[in-house]
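One structure is given below, encoded as structure tokens.
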Amino acid sequence: MNDLIHRIKELQREKNAIILAHYYQEPDIQEIADFVGDSLALAQKAMDATEDIIVLAGVHFMAETAKILNPSKKVLLPAPDAGCSLADSCPADAFGAWVKAHPGHTVISYVNTTAAVKAYTDIVCTSSNAVQIIASLPEDEKIIFGPDRNLGNYIRSITHRDMLIWDGACHVHEAFSLEKILDLKKQYPASKLLAHPECPKPVLMVADHIGSTAALLEFSKKDGTQTYIVATESGILHQMQKASPEKAFIPAPPKDATCACNDCRYMKLVTLQKIHDCLEKESPEILLDGEMCAKAGRPIRRMIEISRKLQLI
Ligand code: 13P
Ligand code: SF4
């Protein structure tokens with residue numbers, strides 16, 4: 001293992017590459033990455049990267065976003081089949097037709113979408129800035145939001161905006177069992193439930209804190225509680241435990257006890273060996289045509305611009 005890490009580091013130096021990893025990656029990958037963050041932080045880091053190569057240890061839409069924001073760099077995705085069930089729940093043709101059928105709406109899309117969906121979008125958002133971006137729009141603005149129905153409903157419950165919401169979801173966040181979470185809360189009465197807004201409403205209703213992966217991590221560092229039940233992908237527990245070794249973090253259990261459903265099967269396709277191989281071969285590379293890059297880039301840049309104005313980044 002040490003030898004593999006050594007070779008990755010050598011290749012990185014030789015090729016002037018940066019490795020960016022999402023919080024849902026395996027701990028060994030988070031440990032060798034130059035930067036670990038949530039979707040928004042990864043987008044910002046990729047945009048500002050000065051290295052020749054960006055290795056995105058995450059899923060396809062993250063690497064695509066990195067390429068759109070920094071098109072002169074070579075962006076490598078170690079596991080080319082690392083998709084996203086949420087992005088898959090929103091085919092671009094159907095989304096485009098839905099947008100067309102509802103003129104006069106501002107289209108807000110979650111970053112967990114393909115470039116083709118972003119091309120139909122006015123402003124992209126992530127779970128770190130979705131509420132604030134929507135709340136910053138005029139109160140009477142009609143909004144189309146896609147693709148995550150849980151995040152959409154959560155934003156609507158807070159902002160009370162006029163929102164049409166696409167009926168998509170992520171298989172990981174839909175898999176948690178409310179019943180088992182409530183059992184755990186009984187077992188650990190002093191614990192707090194931390195939940196990502198991609199979780200369904202019944203889970204969010206019993207959560208003590210709701211936020212993006214970065215927000216949940218920050219909360220767990222500052223909060224005084226000793227035990228947390230964490231309702232998001234299990235990869236985040238690595239940074240939580242690292243930052244607060246004296247605290248206990250329990251992954252929220254899925255409905256099906258026989259599956260590791262709180263692991264994202266796409267995120268977990270990335271391995272150290274694949275990172276090594278993609279650096280060595282400089283492939284698989286994300287390639288986008290210029291027109292798509294321009295169309296999908298506009299709403300992503302708007303997100304960055306608004307996030308900066310709101311001092312969220
Ligand atoms: P954040 O990184 O925005 O918290 O999103 C979670 C997610 O589902 C990434 O795929
Ligand atoms: Fe997509 Fe869900 Fe995996 Fe995130 S956790 S990458 S939303 S499938």
Side-chain angles (χ1 to χ4, degrees), residues 20-26 29-30 33 35-46 56-66 77-90 108-114 117-118 124-133 146-152 154-155 166-176 194-200 203-204 207 209-220 230-240 251-252 254 259-270 300 303-304 307 312-313:
L20 308 180
H22 190 267
Y23 285 130
Y24 294 167
Q25 291 292 292
E26 293 284 10
I29 292 170
Q30 295 190 33
F35 178 80
V36 185
D38 69 353
S39 308
L40 180 62
L42 290 177
Q44 198 192 358
K45 199 79 186 166
L56 206 308
V59 295
H60 190 272
F61 75 81
M62 295 175 177
E64 203 171 55
T65 302
L77 180 64
D81 40 355
C84 167
S85 57
L86 179 53
D88 289 348
S89 71
C90 189
I108 315 275
S109 293
Y110 199 25
V111 70
N112 303 40
T113 45
T114 58
V117 166
K118 291 184 178 83
V124 165
C125 68
T126 77
S127 50
S128 277
N129 57 20
V131 168
Q132 294 90 334
I133 286 181
D148 192 87
R149 60 172 173 255
N150 297 321
L151 177 64
Y154 170 68
I155 299 166
W166 184 265
D167 193 20
C170 151
H171 72 288
V172 175
H173 292 88
E174 288 266 296
F176 296 117
L194 309 180
H196 195 281
E198 285 176 29
C199 292
V203 172
L204 296 183
H209 190 73
I210 299 168
S212 69
T213 44
L216 297 181
L217 173 61
E218 274 315 296
F219 181 84
S220 74
V230 185
T232 190
E233 213 271 356
S234 58
I236 188 66
L237 269 71
H238 177 62
Q239 295 296 333
M240 288 178 168
C259 77
C261 314
N262 49 5
D263 276 352
C264 172
R265 59 177 175 267
Y266 304 107
M267 287 280 182
K268 273 24 186 197
L269 287 172
V270 184
I300 303 177
M303 166 182 81
I304 304 266
S307 300
L312 300 171
I313 52 175

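Indexing begins at 1, ligand by ligand and atom by atom, following the structure's order. In this text, all values refer to a predicted model and were calculated from it rather than measured experimentally.
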Report yes or no: does [X] contribute a side-chain atom to a donor-acceptor pair with the main-chain N or O of [Y] at less than 3.5 Å?
{"X": "Q30", "Y": "Q25", "value": "yes"}
{"X": "K118", "Y": "T113", "value": "yes"}
{"X": "E198", "Y": "H173", "value": "no"}

**OP:** Tell me, with the steps shown, if S234 and N262 meet side-chain hydrogen bond (donor to acceptor under 3.5 Å, both in side chains).
**Re:** CA-CA 6 Å; S234 58; N262 49 5; 4.8 Å; no
Subject >> Part of Y266 with heavy atoms under 4.0 Å of ligand 1, whether side chain, backbone, both or neither >> reply: neither
Subject >> Structural part of Y24 in contact with ligand 1, heavy atom criterion under 4.0 angstrom >> reply: side chain
Is there any N or O on [X] that sits under 3.5 Å from an N or O of ligand 1?
{"X": "H173", "result": "no"}
{"X": "H22", "result": "yes"}
{"X": "S127", "result": "yes"}
{"X": "E198", "result": "yes"}
{"X": "S212", "result": "no"}

Original post:
Do any heavy atoms of E198 fall under 4.0 Å from ligand 2?
Top reply: yes
**OP:** With side-chain contact (heavy atoms from CB on, under 4.5 Å) as the test, would you mind laying out the steps for Y154 and C199 before giving the verdict?
**Re:** CA-CA 9 Å; Y154 170 68; C199 292; over 6 Å; no
Subject >> Distance from atom 10 (O) of ligand 1 to nearest protein heavy atom, with residue and atom >> reply: N112 ND2, 3.4 Å
**OP:** Considering only non-hydrogen protein atoms, determine which one is nearest to atom 4 (O) of ligand 1 and report residue, atom name and distance to 0.1 Å.
**Re:** T213 OG1, 2.8 Å
Original post:
Are Y266 and H171 close enough, and set up right, to give a ring-ring contact (aromatic ring centres under 6.0 Å, His included), and what steps lead you there?
Top reply: CA-CA 11 Å; Y266 304 107; H171 72 288; 5.7 Å; yes
I'd like to check [X] versus [Y] (side-chain heavy atoms, cut-off strictly below 4.5 Å). Are they in contact?
{"X": "Y23", "Y": "V36", "result": "yes"}
{"X": "L216", "Y": "M240", "result": "yes"}
{"X": "N150", "Y": "E174", "result": "yes"}
{"X": "L86", "Y": "S89", "result": "yes"}

Subject >> Evaluation steps, side-chain hydrogen bond (donor to acceptor under 3.5 Å, both in side chains), between T232 and Y24 >> reply: CA-CA 9 Å; T232 190; Y24 294 167; 2.7 Å; yes
Subject >> Sub-4.0 Å heavy-atom approach of E233 to ligand 1 >> reply: no
Original post:
Hey, mind stepping through L40 and S212 against side-chain contact (heavy atoms from CB on, under 4.5 Å) and telling me if it holds?
Top reply: CA-CA 10 Å; L40 180 62; S212 69; over 6 Å; no
**OP:** Go through ligand 1 atom by atom and flag the ones less than 4.0 Å from a non-hydrogen atom of Y110.
**Re:** 5 (O)
Subject >> Atom indices of ligand 1, in the order listed, that fall short of 4.0 Å to a heavy atom of M62 >> reply: 9 (C), 10 (O)
**OP:** Mind listing the protein N/O/S atoms less than 2.8 Å away from atom 1 (Fe) of ligand 2? Waters don't count.
**Re:** C84 SG
